[in-house]
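To find a chain, count down the sequence lines: A is the first, B the second, and so on, and within it residues start at 1.
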There are 2 protein chains.
Amino acid sequence: MALEGDGIPLLSAGFDDDDVHQLAAAKLQVFSQRYTRNRRLVVGALLHCGPSTIAEILNHDHALAQSSTYRSLVVLEEAGVVHRIVTTDDHARFELTEEITGHHHHHLVCRGCGAITDVSLPSDVERQLDQALAEAARRHRFTTDHHRVDLVGLCENCVDR
Amino acid sequence: MALEGDGIPLLSAGFDDDDVHQLAAAKLQVFSQRYTRNRRLVVGALLHCGPSTIAEILNHDHALAQSSTYRSLVVLEEAGVVHRIVTTDDHARFELTEEITGHHHHHLVCRGCGAITDVSLPSDVERQLDQALAEAARRHRFTTDHHRVDLVGLCENCVDR
DNA sequence: TTTACTGCAAAGGGTTTGCAACATG
DNA sequence: CATGTTGCAAACCCTTTGCAGTAAA
């Protein structure tokens, strides 16, 4: 199983690729959607490559057609299997949702190469932040879906170029 | 002067529109760029409307041509006068930078109408978050430009529709 | 008066969609 | 078999760019 840089498993112990696929299938079923070969390939690519652009997904699996991949991602997003990551502004990136991976995390967004690295914060910081954000939302009568904490900058490879 | 919902002035006391324009002109001058009528109009629109899309800027000032506005925003962004906000995925949004407004803040991003509301967090939360993020970046040898903390959800107007 | 900026219109490029063929339950 | 899914190619739409005319230092 893939391990994250912090030593935190991307998936909790016992979660393997099959579990992810089963969970994805179950989530699609709720929306009366089939877990087809293409959709499985897309999930497989994300499982294998982490946060990826469409181009990276297509490149990882030449069996996938571009338009179908876009359509698969729409369905997978609606079902809560994948999540669209907003980065700087070029290509869209997708990753498996926390509901699938069971792992809350944030992103280091490289403005050089666009790469995204997952990081997690100490749980006490996360908790305090959640409270402060909830309070801010309440003040503005804002209904929160999720929060987004990103660091924008340059990754190790791009910084010395 | 425009006041923020939290009762925190968007600009520190004594800052008025003229100060913003002077500061913008100074920042452009560093890059040998002129603070022209168009660029002033764009800054004026952002000053008046807050985080805005190109369409909103054009709508606010019918004297502005679309292509010129795009070009103005590129120059203003390079000079550190405006900042591109990445939201869900439709149109780009722009706001005046914190260097101009002197006010660190975060965003409530409405996935219904795309509206962006500025909020600020208690300084102790902000400080603790900064430390945790700096530590995460260090672990990954990541060079941070800035952090981004957003709440994604539905604004007051969009929630009951 | 030189250099940078503007505006129109056309091109670019990631994403979406129409439609006929296909596969899955 | 009926319905949902796929793939090709064309359409979309926000954004960028070429170029001739204009304004700013």
Measure from CG on B/L41 to C1' on C/dG7 and round the result to the nearest Å. 15 Å
Heavy atoms under 4.0 Å, any strand shown: does B/Q33 hit a base, just sugar-phosphate, or nothing? sugar-phosphate
Counting N and O atoms only, with roles assigned by atom type, does the side chain of B/R40 sit under 3.5 Å from a partner on the main chain of B/Y35, one being a donor and the other an acceptor? no
Quick one: B/Q66 CD to C/dA10 P, roughly how many Å, whole number? 14 Å
Using a strict threshold of under 4.0 Å (side-chain N to carboxylate O), is an ion pair present between A/E95 and A/R84? no
Looking just at side-chain N and O atoms, do B/D130 and B/H147 make a donor-acceptor pair shorter than 3.5 Å? yes
Spacing between B/R39 atom CZ and D/dA23 atom P, to the nearest angstrom: 15 Å
Residues in contact with DNA chain C, drawn from residues 53-61 of chain A - heavy-atom cutoff 4.0 Å: A/I54
Would you mind reading off the distance between B/N38 atom CG and D/dT22 atom P, rounded to a whole angstrom? 15 Å
Atom NE2 of A/H62 and atom C1' of D/dT6 are separated, to the nearest Å, by 19 Å
Between P on C/dA4 and CD on B/E78, what's the gap in Å once rounded to a whole number? 14 Å
Residues A/H106 and A/D118: side-chain donor-acceptor under 3.5 angstrom: no
Between N or O atoms, less than 3.5 Å apart, protein on one side and nucleotides 17-25 of chain C on the other: list the pairs.
{"from": "C/dG18", "atom 1": "O6", "to": "A/R71", "atom 2": "NH2", "distance (Å)": "3.0"}

Tell me whether the rings of B/H146 and B/H83 are parallel (<30°), tilted (30 to 60°) or perpendicular (>60°). perpendicular
Side chains of B/I116 and B/T87: does their closest heavy-atom pair fall under 4.5 Å? yes
Closest to the A/S72 side chain, choosing from D/dT15, D/dT6, C/dG7: D/dT6
Carboxylate-amine/guanidinium contact B/K27 B/E99, below 4.0 Å: yes
Quick check on B/Q29: does its CD atom have over 12 non-hydrogen neighbours (other residues, nucleotides or ligands) under 6.0 Å away? no
Atom CG of A/L73 and atom P of D/dG7: how far apart are they, to the nearest Å? 13 Å
Do you see a donor-acceptor pair shorter than 3.5 Å between the side chains of A/E126 and A/H104? yes
Tell me: NE2 of A/H91 to C1' of D/dC14, nearest whole Å? 15 Å
